Novice: 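For reference, the structure I am asking about is given below.
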Amino acid sequence: MEAPGFITLLYVMYALPKQQGIESLPWANWTMAALFTIHYIYRALLAPLVLNPSMSPIHITVWASALIWQITNGLSLGGWLGGYGPTTVYDWAGRLYMIEVGLVIWGWGLLGNMYHDDDLREIRRGAGRRQKKEAEKTRKPVQSVDKVYMLPKNGLFHYILYPHYLCEWIEWTGFWMIGGWGCVPARSFVLNEIATMLPRAVQGRKWYVEKFGKDKVGNRKAVIPGLL
């Protein structure tokens with residue numbers, strides 16, 4: 001579902017420079033492409049195929065919407081990086097400090113995203129271990145890992161219920177900084193991420209309150225510590 005995004009971006013960056021008569025793209029263009037690819041190799045390949053103990057079914061409309069978004073985003077970013085944005089090292093002149101800061105922010109955002117994702121996976125893995133022990137006692141095969149809902153408590157889960165969302169926003173804000181505040185595709189990417197994920201986080205907090213009660217949820221906000 002998410003793999004077409006980075007595949008599209010890389011294809012555009014391969015094909016477009018030839019059409020535009022560009023011999024080679026600057027290293028910063030390929031750096032941004034690499035960051036985008038690393039994120040989605042984790043999200044689209046490693047997480048669902050290797051790391052996640054189980055996957056919930058996805059409605060066809062959600063799958064189709066995500067696919068369209070990924071291709072559109074890949075075309076937009078790929079076009080900017082492949083020939084319609086900076087095409088020489090001189091276009092990046094004087095930007096090294098901003099690129100370095102953006103890289104650090106992107107890296108911490110990605111690590112935070114992965115850390116909190118794994119904390120959620122551990123809930124499912126723990127349920128799987130318990131089911132396996134129970135199956136060994138009863139000598140029955142384990143069918144699948146049942147859905148288990150708990151309130152995670154590690155990291156930013158102390159303060160918000162969707163820290164993996166916040167960390168992803170931080171990650172792509174760093175990506176936007178690398179491209180420059182005038183990089184429209186990167187800015188649109190960040191704003192679209194927030195616009196789609198923020199309502200889910202707010203609605204999700206209401207679900208947590210209904211499921212576990214106000215006392216257990218406590219003062220934890222949805223996605224921004226102390227605010228929202």
Side-chain angles (χ1 to χ4, degrees), residues 1-9 12 32-33 35-48 51-52 55-81 102 105-106 108-121 147 149 152 155-157 159-179 181-211 217 220-228:
M1 181 173 68
E2 293 178 308
F6 75 83
I7 293 172
T8 300
L9 180 143
V12 172
M32 290 186 69
L35 301 181
F36 188 85
T37 302
I38 288 169
H39 173 90
Y40 280 107
I41 285 177
Y42 163 69
R43 292 289 299 171
L45 301 178
L46 290 179
L51 300 175
N52 293 348
M55 291 286 291
S56 299
I58 300 174
H59 195 278
I60 185 64
T61 56
V62 175
W63 182 90
S65 298
L67 178 64
I68 293 169
W69 158 247
Q70 285 296 328
I71 294 174
T72 302
N73 197 36
L75 287 170
S76 177
L77 286 167
W80 191 84
L81 292 171
I105 292 173
W106 178 89
W108 279 111
L110 177 64
L111 290 175
N113 190 6
M114 295 170 70
Y115 172 83
H116 293 101
D117 276 351
D118 196 64
D119 205 34
L120 292 172
R121 290 190 197 100
K147 282 190 175 182
Y149 298 104
L156 290 176
F157 279 116
Y159 312 103
I160 54 178
L161 296 168
Y162 290 86
H164 45 311
Y165 285 12
L166 177 62
C167 289
E168 188 158 334
W169 299 347
I170 292 170
E171 179 187 353
W172 293 122
T173 299
F175 183 80
W176 178 16
M177 287 181 64
I178 296 169
W181 299 126
C183 179
V184 175
R187 180 179 65 206
S188 298
F189 186 14
V190 175
L191 294 178
N192 275 285
E193 287 263 303
I194 294 173
T196 55
M197 297 165 77
L198 180 58
R200 294 208 304 265
V202 172
Q203 188 63 36
R205 187 182 185 279
K206 293 179 181 178
W207 180 89
Y208 271 105
V209 171
E210 292 174 0
K211 180 76 175 178
V217 173
R220 279 184 277 194
K221 300 297 184 180
V223 70
I224 301 175
L227 295 177
L228 183 64

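What you see is a predicted model, and the numbers here were worked out from it, not measured in a lab.
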Novice: Roughly how far, to the nearest 0.5 Å, is SG of C183 from CE of M177?
Specialist: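 Separation between the atoms: 13.0 Å.
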Novice: If you look at every heavy atom in G179 and W80, which pair is closest and at what distance?
Specialist: O-CH2, 3.6 Å
Novice: Compare all side-chain heavy atoms of R187 with those of V184 and state whether any distance is below 4.5 angstrom.
Specialist: yes
Novice: Could you check whether the rings of Y162 and Y165 sit parallel, tilted or perpendicular, using 30° and 60° as the cut-offs?
Specialist: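 If you compare the ring of Y162 with that of Y165, the planes turn out tilted.
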Novice: Compare all side-chain heavy atoms of V209 with those of R205 and state whether any distance is below 4.5 angstrom.
Specialist: yes
Novice: Heavy atoms, side chains only, cut-off 4.5 Å: are F175 and V190 in contact?
Specialist: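 F175 does not reach V190 side chain to side chain.
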Novice: Answer yes or no: is there a donor N or O on one side and an acceptor on the other, between the side chain of D118 and the main chain of M114, under 3.5 Å?
Specialist: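 No, D118 side chain to M114 backbone: no donor-acceptor pair under 3.5 Å.
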Novice: Heavy atoms only: give me the nearest I71-P4 pair and the separation to one decimal.
Specialist: CG1-CB, 4.1 Å
Novice: Hey, is OH on Y159 packed in by over 12 heavy atoms from elsewhere, all under 6.0 Å?
Specialist: no
Novice: With ring centroids as reference points, do H39 and W106 lie under 6.0 angstrom apart?
Specialist: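 H39 vs W106: aromatic centres not under 6.0 Å.
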Novice: Working to the nearest 0.5 Å, report the span between NE2 of H164 and CH2 of W169.
Specialist: 10.5 Å
Novice: Taking atom CH2 of W108 as the centre, report whether more than 12 heavy atoms of other residues, nucleotides or ligands fall under 6.0 Å from it.
Specialist: no
Novice: Identify the two heavy atoms, one from A201 and one from A222, that lie closest to each other, and give their separation to 0.1 Å.
Specialist: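 That closest heavy-atom pairing would be O-CB, 3.5 Å.
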Novice: Nearest 0.5 angstrom please: L156 CG to L166 CG, how far?
Specialist: 6.5 Å
Novice: Which value, rounded to the nearest 0.5 Å, describes the distance between E2 atom CD and I41 atom CD1?
Specialist: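 E2 CD to I41 CD1: 12.5 Å, rounded to 0.5 Å.
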Novice: To the nearest 0.5 Å, what is the distance between CD on E171 and CG on L111?
Specialist: 9.0 Å
Novice: Mind telling me whether F157 and H116 have parallel, tilted or perpendicular rings, with 30° and 60° as the class edges?
Specialist: perpendicular
Novice: Between I160 and R220, is there a side-chain heavy-atom distance shorter than 4.5 Å?
Specialist: no
Novice: Side-chain contact test, heavy atoms from C-beta onward, threshold under 4.5 Å: evaluate it for L161 versus V223 and give yes or no.
Specialist: no
Novice: Return yes if a side-chain donor-acceptor contact under 3.5 Å exists between Y42 and D117, otherwise no.
Specialist: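 Looking only at side-chain atoms, D117 and Y42 do form a donor-acceptor pair, the distance falling under 3.5 Å.
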Novice: So do F36 and L77 actually touch side chain to side chain, heavy atoms under 4.5 Å?
Specialist: yes
Novice: Would you mind reporting whether I170 and N113 have side-chain heavy atoms less than 4.5 Å apart?
Specialist: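 The answer is no; the side chains never approach within 4.5 Å.
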Novice: Starting from the C-alpha separation in whole Å, work towards a yes-or-no answer on side-chain contact (heavy atoms from CB on, under 4.5 Å) for L198 and L228.
Specialist: CA-CA 9 Å; L198 180 58; L228 183 64; 3.4 Å; yes
Novice: Roughly how far apart are W176 CH2 and W181 CH2, rounded to 0.5 Å?
Specialist: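 Between W176 CH2 and W181 CH2, I get 5.5 Å after rounding to 0.5 Å.
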Novice: Do you know the tightest heavy-atom contact between G74 and T8?
Specialist: C-CG2, 3.9 Å
